[in-house]
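Just so you know, these numbers use all the heavy atoms, side chains as well, and skip hydrogens, waters and symmetry mates.
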Amino acid sequence: MTVQDVDRVRFAQQWQEWHRQKEAVLSGPHGFLAITGLHWLGPEPERFEDAPGAWSSTAEGVVVELAEGEELTVDGEPVRGRYDFGVVAERDFPMLMSSRHYDGE
């Protein structure tokens, strides 16, 4: 095994910059810390207090049924009524936006 000369000051600076960037991504508006709920979907449509619509999942994929006056933004486009996401690969769900303080009935 060989010992390499390491510029510890430069290494520490690079690590601090990486860490700052990582925290910025995590705490950003779409980062992991922005998650407001985690729900398992079943075949029967179900409402959740932190999101508009009735959500379900079947062999055909994820579906949301939005009532009159409810709206989501999916990949930058407004969605109303029924929306079929299709089969979604793990960790590949499209960007969804709704009010953090959803006031559904």
Side-chain angles (χ1 to χ4, degrees):
M1 182 161 113
T2 61
V3 176
Q4 296 179 346
D5 289 328
V6 175
D7 182 343
R8 293 174 189 224
V9 172
R10 181 165 154 67
F11 172 80
Q13 290 171 339
Q14 289 176 332
W15 184 89
Q16 288 172 347
E17 177 61 19
W18 169 84
H19 191 257
R20 186 195 63 72
Q21 289 175 358
K22 180 72 171 173
E23 284 188 336
V25 169
L26 291 174
S27 63
H30 306 298
F32 184 79
L33 298 176
I35 294 173
T36 59
L38 178 62
H39 306 283
W40 296 108
L41 303 178
E44 296 298 319
E46 186 175 357
R47 291 188 161 275
F48 304 102
E49 70 178 52
D50 56 351
W55 295 81
S56 61
S57 179
T58 66
E60 289 78 37
V62 175
V63 175
V64 62
E65 296 181 33
L66 299 160
E68 187 71 33
E70 292 182 319
E71 180 179 286
L72 280 176
T73 301
V74 179
D75 292 332
E77 298 295 322
V79 171
R80 294 176 194 88
R82 180 183 170 98
Y83 186 83
D84 293 295
F85 291 93
V87 176
V88 179
E90 184 177 349
R91 300 180 185 263
D92 194 29
F93 209 76
M95 180 61 62
L96 297 179
M97 301 280 298
S98 67
S99 170
R100 284 181 177 261
H101 305 288
Y102 174 68
D103 294 321
E105 298 177 342

With Glu77 via side chain to side chain donor-acceptor pair (under 3.5 Å) - residues at least two apart: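 Result, side chain to side chain donor-acceptor pair (under 3.5 Å) vs Glu77: none returned.
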Working to the nearest 0.5 angstrom, can you tell me the gap between [X] [atom1] and [Y] [atom2]?
{"X": "Glu71", "Y": "Leu66", "atom1": "CD", "atom2": "CG", "result": "8.5 Å"}
{"X": "Phe32", "Y": "Lys22", "atom1": "CZ", "atom2": "NZ", "result": "10.5 Å"}
{"X": "Trp55", "Y": "Trp40", "atom1": "CH2", "atom2": "CH2", "result": "15.0 Å"}

Plane angle bin for His19 and Trp15 - parallel if under 30°, tilted between 30 and 60°, otherwise perpendicular: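 Because their plane-to-plane angle is under 30°, the rings of Trp15 and His19 count as parallel.
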Quick one: closest heavy-atom pair of [X] and [Y], and the distance?
{"X": "Pro52", "Y": "Leu72", "value": "CG-CD2, 3.8 Å"}
{"X": "Leu41", "Y": "Ser57", "value": "CB-CB, 3.7 Å"}
{"X": "Ala34", "Y": "Pro29", "value": "CB-O, 3.3 Å"}

Full working for side-chain contact (heavy atoms from CB on, under 4.5 Å) between Val79 and Phe85: CA-CA 11 Å; Val79 171; Phe85 291 93; over 6 Å; no
All salt bridge (charged side-chain N to carboxylate O under 4.0 Å, His left out) counterparts of Glu60, not counting sequence neighbours: none
All salt bridge (charged side-chain N to carboxylate O under 4.0 Å, His left out) counterparts of Glu23, not counting sequence neighbours: none
Short side-chain to backbone donor-acceptor contact, Asp7 and Val9, under 3.5 Å: yes
Result of checking Glu70, Arg47, Arg82 against Glu65 for side chain to side chain contact (heavy atoms under 4.5 Å, CB included):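 Exactly one option meets the side chain to side chain contact (heavy atoms under 4.5 Å, CB included) with Glu65, and it is Arg82.
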Pair Gln21-Glu17, side-chain donor/acceptor within less than 3.5 Å: yes
Joint hydrophobic cluster, Val87 plus Val74, side-chain heavy atoms closer than 4.5 Å: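 Val87 does not cluster with Val74.
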